[in-house]
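Within every chain, numbering begins at 1; the chains are lettered A, B, ... in the order of the sequence lines, protein sequences first and strands thereafter.
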Amino acid sequence: AQSVAQPEDQVNVAEGNPLTVKCTYSVSGNPYLFWYVQYPNRGLQFLLKYITGDNLVKGSYGFEAEFNKSQTSFHLKKPSALVSDSALYFCAVRESSGAGSYQLTFGKGTKLSVIP
Amino acid sequence: EPEVTQTPSHQVTQMGQEVILRCVPISNHLYFYWYRQILGQKVEFLVSFYNNEISEKSEIFDDQFSVERPDGSNFTLKIRSTKLEDSAMYFCASSLTSGVTYEQYFGPGTRLTVT
């Protein structure tokens with residue numbers, strides 16, 4: 001069974017500082033990994049994904065994430081945080097070996113607050 | 001940018017009543033999904049739907065739940081007899097394909113409160 005852990009319920013960072021939102025995963029095969037962001041009263045918006053290839057993937061709004069197979073992690077990063085980045089962030093995994101399996105497994109979410 | 005829409009945004013119902021949650025997926029998408037999130041817990045997969053039939057469902061999706069695509073635009077989730085534990089945020093999602101690199105696009109959710 002696949003699972004995702006986001007160890008921090010909340011992350012606070014000062015505007016202009018780098019931010020990291022942590023995610024670790026567990027799958028029996030190779031993972032496909034995703035980050036989504038949720039703003040108040042909005043749906044989950046896709047940010048970026050890791051399928052294969054370079055361990056550092058770049059996504060929307062200046063976000064990037066680093067896939068680390070040995071640590072089974074996929075941390076979300078941004079070099080310089082903006083107040084507008086304040087939102088709820090979800091990490092999700094899909095197992096590549098699950099033929100015909102469509103479901104994403106999500107973490108609990110991390111609330112990011114960027115302080116002006 | 002096309003979006004997934006959901007109605008209503010908030011539904012309050014009494015235990016034992018039937019509810020129908022509605023979703024309009026992105027127009028050219030072919031795969032549809034329902035997820036739910038109980039307050040303070042993880043987003044959980046309920047069901048996926050393609051070509052007018054269920055492709056996959058989780059343990060949560062028991063006989064009390066059903067899905068339907070009644071016309072070319074709507075995708076509905078019906079809960080036949082609601083229980084208190086069905087109170088949650090329900091998210092609809094859609095994707096263009098089921099290919100391994102697909103992204104699912106999510107709606108804003110319907111908050112269901114069962115009293």
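Under a hydrophobic-cluster definition in which Ile, Leu, Val, Met, Phe, Trp and Tyr are linked whenever side-chain heavy atoms come within less than 4.5 Å, directly or via other members, B:Ile79 and B:Phe91 are assigned to different clusters. Grouping the Ile, Leu, Val, Met, Phe, Trp and Tyr side chains by contacts below 4.5 angstrom, directly or via other members, places A:Val93 apart from B:Tyr31. A single hydrophobic cluster is seen to contain both A:Val114 and A:Tyr39, as judged by linkage of ILVMFWY side chains at heavy-atom distances under 4.5 Å, directly or through other members. Hydrophobic clustering of Ile, Leu, Val, Met, Phe, Trp and Tyr side chains at less than 4.5 Å, counting indirect connections, unites A:Tyr50 with A:Val21.
Counting heavy atoms from C-beta outward, B:Gln41 and A:Phe106 have side chains that stay 4.5 Å or more apart.
Heavy-atom distances place no part of A:Gln45 under 4.5 Å from chain B, backbone and side chain included. Proximity to chain A is limited to the side chain of B:Tyr35, based on heavy atoms less than 4.5 angstrom apart. Using a 4.5 Å cut-off between heavy atoms, B:Gln37 contacts chain A through its side chain alone, with no backbone atom that close. Only the side chain of A:Phe90 comes within contact range of chain B, with at least one heavy atom under 4.5 Å from a heavy atom of that chain.
Taking NZ from B:Lys42 and SG from A:Cys91, the interatomic distance works out to 10.0 Å, rounded to the nearest 0.5 Å. Note that the CD atom of A:Gln103 and the OG atom of B:Ser48 stand 8.0 Å from one another [nearest 0.5 Å].
In B:Gln14, the CD atom is not crowded: 12 or fewer heavy atoms of neighbouring residues, nucleotides or ligands sit closer than 6.0 Å. With a 6.0 Å radius and a threshold of 12 heavy atoms from other residues, nucleotides or ligands, B:Asp63 has its CG atom at or below the threshold.
In this structure, A:Tyr36 contributes its side chain and B:Gln104 its backbone to a donor-acceptor pair below 3.5 Å. Between the A:Lys108 side chain and the B:Val43 main chain, no donor and acceptor come within less than 3.5 Å of each other.
Every pair passing ring-ring contact (aromatic ring centres under 6.0 Å, His included) that includes a residue from residues 64-87 of chain B is listed here, sequence neighbours excluded: B:Phe32-B:Phe75, B:Trp34-B:Phe75, B:Phe49-B:Phe75, B:Phe61-B:Phe65.
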